[in-house]
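Ligands are counted one by one from 1 in listed order, and the atoms in each one are counted from 1 as well.
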Amino acid sequence: MEGRPEETPERLAFYDKIDKQNMTPLWSVLADLVTPEPKSGCQAALWHFADIKTALLEAGDLITAREAERRVLILENPGLRGQSRITTSLYAGIQLVLPGEVAPAHRHTQSALRFVLDGSGAHTAVNGERTMMHYGDFVITPPMAWHDHGNESDAPMFWLDGLDIPLVSFLDASFAEMLGEDEQPIDRSPGQSYSEFGHNLVPVDSDRTTAKTVSPIFNYPYSYAREALDGMARTRDPDPCHGHKMRYSNPLDGGHAMPTIGTFLQHVPKGFATARYRSTDATTFVCVEGRGRTRIGDETFEWGPKDLFVAPSWKPVSHEADEDAVLFSYSDRPVQEKLGLWREDRGNA
Ligand code: GTQ
């Protein structure tokens, strides 16, 4: 982990010789492999929703949801271009489903979250149940669950797709298939998963019959999440680093709602500025309400409703709200926690 040893002619000749045998000296690369702190190509960046919306509507004239399979514009981290990732481990895209369109049923090992940004009343079907989607709803597609999307409303529908695509690629564990039908068969009523698991009661046999790795709730409506956040804001002082921040949880074990992606909703009160905070999980944020700015490292990003921004691992982050603000965010924190890697630095707060 010290500097790189000198490259003498004898050493270089030796490296050349062993290169043909698919070997290479550790001491030439050790300092880049085992760094004293996270060293990432991932950069801080922001996307204004207005720009994304304009581009996606143009894409809407060029290709149908059916032909594209998913009509999505990927948000590529400027430091990781060409790799379809917003952070080193996670993917972000914005999906458009126009009125009357269907995004046909398929399934894959990658987990997906949807966070609704614009439009109302389109649906996603997951594992035989449909859910209607409204602004700020957080919807889960578990690994290998059949899913299809449709829009019976009269307005274009836009949502954020957050997936663990880079992580699954890294592990070489991608499997995917098409159902061969636009829509999967529906054998559950709308809202069934929320009514069974969303009220601090669970069906008595669910320990036996329900997988615990992912939440059995697949739509966490914004109205309920907002109510929870409001309750917290009424009864607690804001945390210096986060304001009021909550984590979406799996009702079966209290853990993260998704196996690989941690999801959060936070309220930054009007006029409040959070203390500089850093953690090892690079995080993608969406402004759901309000206006303000976020300082990431030595850059500042101004945001308003529906804008998205990303903070790399271990870069100090602080938010400042001009109006009461609500931010949704997601990261690979569950993976890092399971591996004993996750760290945070609250400064002196
Ligand atoms: O809606 O199933 O943005 O499979 C990327 C891959 C969305 C989806 C994406 C996908 C989907």
Side-chain angles (χ1 to χ4, degrees), residues 47 49 52-53 55-57 59-60 62-77 80-98 101-119 122-133 137-152 156-184 186 214 218-220 257-261 263 284 286 306 308 310 328 330-332:
W47 292 260
F49 182 71
I52 301 171
K53 182 170 180 172
L56 256 177
L57 286 171
L62 291 174
I63 192 163
T64 62
R66 179 176 278 104
E67 193 195 344
E69 193 170 332
R70 298 293 185 261
R71 190 202 290 109
V72 174
L73 293 180
I74 301 172
L75 305 185
E76 280 202 331
N77 191 285
L80 306 167
R81 292 305 311 274
Q83 302 177 43
S84 304
R85 50 182 91 189
I86 191 157
T87 65
T88 305
S89 62
L90 297 178
Y91 159 104
I94 309 296
Q95 181 157 176
L96 165 64
V97 185
L98 288 168
E101 281 193 319
V102 178
H106 72 189
R107 63 177 183 171
H108 39 70
T109 46
Q110 290 84 356
S111 298
L113 69 83
R114 327 279 166 199
F115 191 82
V116 180
L117 293 177
D118 205 66
H123 74 267
T124 278
V126 172
N127 281 337
E129 181 178 328
R130 265 189 180 194
T131 189
M132 301 304 283
M133 296 162 84
D137 289 358
F138 158 53
V139 177
I140 298 174
T141 309
M144 265 346 237
W146 292 111
H147 53 287
D148 47 85
H149 317 297
N151 185 355
E152 288 113 40
M157 183 84 177
F158 300 80
W159 63 73
L160 163 68
D161 289 324
L163 285 89
D164 55 8
I165 290 173
L167 190 66
V168 173
S169 300
F170 175 74
L171 298 170
D172 283 337
S174 177
F175 292 89
E177 59 189 306
M178 301 291 296
L179 181 63
E181 307 278 338
D182 276 355
E183 299 191 271
Q184 64 187 287
I186 298 301
V214 60
F218 78 102
N219 186 352
Y220 291 72
M258 300 174 70
T260 52
I261 306 181
T263 47
T284 303
V286 185
K306 308 180 188 187
L308 299 102
V310 59
F328 171 82
Y330 71 99
S331 77
D332 62 13

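In this view, Arg114 and Asp161 satisfy the salt bridge (charged side-chain N to carboxylate O under 4.0 Å, His left out) rule, not counting sequence neighbours.
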* Tell me, with the steps shown, if Glu177 and Trp146 meet side chain to side chain contact (heavy atoms under 4.5 Å, CB included). => CA-CA 9 Å; Glu177 59 189 306; Trp146 292 111; 3.7 Å; yes
* Asked: Going through the checks in order, is the side chain to side chain contact (heavy atoms under 4.5 Å, CB included) test met by Val286 and Leu160?
  -> CA-CA 9 Å; Val286 185; Leu160 163 68; 3.6 Å; yes
* Given Ile94 and Leu75, is the side chain to side chain contact (heavy atoms under 4.5 Å, CB included) satisfied, shown in steps? -> CA-CA 8 Å; Ile94 309 296; Leu75 305 185; 4.2 Å; yes
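Side-chain polar atoms of His149 and His123 form no donor-acceptor pair below 3.5 angstrom.
Within 4.0 Å of ligand 1, protein heavy atoms belong to Arg70, Val72, Tyr91, Gln95, His106, His108, Arg114, His147, His149, Asp161, Leu163, listed by chain and number.
No close placement of the Tyr330 and Phe115 rings is indicated, their centers lying 6.0 Å or farther apart.
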